[in-house]
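By convention here, the first residue in the shown sequence is residue 1. This is a predicted model, so every value here is computed, not measured. Atoms within each ligand, like the ligands themselves, are counted from 1 in listed order. Because only heavy atoms are used, hydrogens play no part in the values below, and waters and symmetry mates are left out as well, while side chains stay in.
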Amino acid sequence: MTATVKELQSDHSRLFRLGKRSFVSVYPVLSRRAGGISVGVNLNLDRGCNFDCIYCQVDRKSPPAPSPVALRDLPGLVLEELSLLFDSVVEGAFFSTPPFDALPDSLRSVRDIAFSGDGEPTLSPVFSEVAEEVRRFVSERFPASSSPILRLITNGTGLFGEELRRRTEKIFLQAGPGEIWLKFDAATDPFYSRIDRSHIPLARMKEGLSEIVRDLPVTLQTMVLDFGEPGSPGAFVSDRAFWDPLLAQVATWCETGGKIREWHLYGVARPPALSGVRAVEDSRLLEWAKEASLRLSLPVKVFS
Ligand code: SF4
């Protein structure tokens with residue numbers, strides 16, 4: 001991997017400019033997991049999230065700048081920015097301008113449009129409206145054979161409700177190529193409370209996630225990290241006490257009809273807003289992935 005590719009994979013800045021225009025919601029990044037360019041759609045300009053993950057890149061210590069766009073105008077703005085970006089890909093400007101001009105040919109394609117961003121996308125009041133518009137945009141603009149897929153990256157909480165889950169299924173999984181990537185970072189209270197730091201009880205999360213995986217085909221994603229220097233306050237290591245219950249929960253889902261397509265274990269690749277988060281060694285991820293794929297009969301991939 002070249003230094004440039006590594007640098008771009010580590011830089012998921014939301015700041016994107018095309019000529020004189022600064023984008024507000026849409027931001028392209030080089031994604032190690034998508035295997036090319038992923039076009040992010042950030043609907044959480046207020047950084048709204050019901051988790052406060054210690055590995056989150058979003059700095060919530062200071063209040064966000066006032067949004068440059070009213071919520072009612074966000075759907076239109078997303079479509080405008082997507083149009084401009086894809087026009088620039090077709091016209092050649094995108095891959096001939098830094099930083100993406102440095103990419104090898106193999107990575108010069110847009111793989112997905114990912115609802116991700118500065119908070120939990122399903123919490124945005126305009127989430128389903130924008131997702132429907134983006135699905136329409138993709139269907140009208142691309143033949144099925146070369147269409148970027150629509151990907152939702154979520155902690156799942158918005159999908160606990162039946163109505164939004166059905167709408168999301170229709171948009172992301174039935175109306176064209178798409179995937180739902182579902183976060184599942186910890187299966188025990190001590191790790192969940194230290195890693196995801198949410199006011200939502202773990203028991204409620206497990207109940208809601210169980211409903212989702214029974215109902216919808218998903219890719220699970222788990223961040224594996226250590227925190228703090230050994231012996232310092234709040235320090236922890238993600239050891240077997242972390243891993244065994246996590247694997248047991250995923251095994252239970254698989255054995256009870258869960259539609260889990262893949263499981264991604266990933267390490268810290270970009271600096272989080274909170275200091276003290278430490279990447280784990282690759283060998284730990286690889287050993288656990290091997291153990292999980294043998295036990296679960298499903299692809300378990302490592303991204304470190
Ligand atoms: S769920 Fe995502 S946006 Fe929310 S705190 Fe965690 S990593 Fe950040």
(request) Using a cut-off of strictly less than 2.8 Å, determine whether Cys53 has an N/O/S atom near atom 6 (Fe) of ligand 1. (result) yes

(message) Quick check on Arg60 - does any of its heavy atoms sit under 4.0 Å from an atom of ligand 1?
(response) yes

(message) I'd like to know if Arg141 pairs up with Asp87 as an ion pair, taking the criterion as any Lys NZ or Arg NE/NH1/NH2 lying under 4.0 Å from an Asp or Glu carboxylate oxygen.
(response) yes

(request) Distance to 0.1 Å, residue and atom name: give those for the protein heavy atom nearest to atom 8 (Fe) of ligand 1. (result) Cys56 SG, 2.3 Å

(message) Could you check whether any heavy atom of Gln57 sits closer than 4.0 Å to an atom of ligand 1, since that is the contact criterion I want to use?
(response) no

(request) On the 0 to 90° scale, with breaks at 30° and 60°, tag the Phe127-Phe172 ring pair as parallel, tilted or perpendicular. (result) parallel

(request) Could you tell me whether Arg167 and Glu162 have a side-chain N and a carboxylate O separated by less than 4.0 Å? (result) no

(request) Look up atom CD in Gln249 and atom CG in Leu209, then write down how far apart they are to the nearest 0.5 Å. (result) 8.5 Å

(request) Pull out every atom of ligand 1 sitting under 4.0 Å from any heavy atom of Cys49, numbered as shown with elements. (result) 1 (S), 3 (S), 4 (Fe), 5 (S)

(request) Verify the distance criterion only: is there a donor paired with an acceptor across the side chains of Glu120 and Thr157 at less than 3.5 Å? (result) no

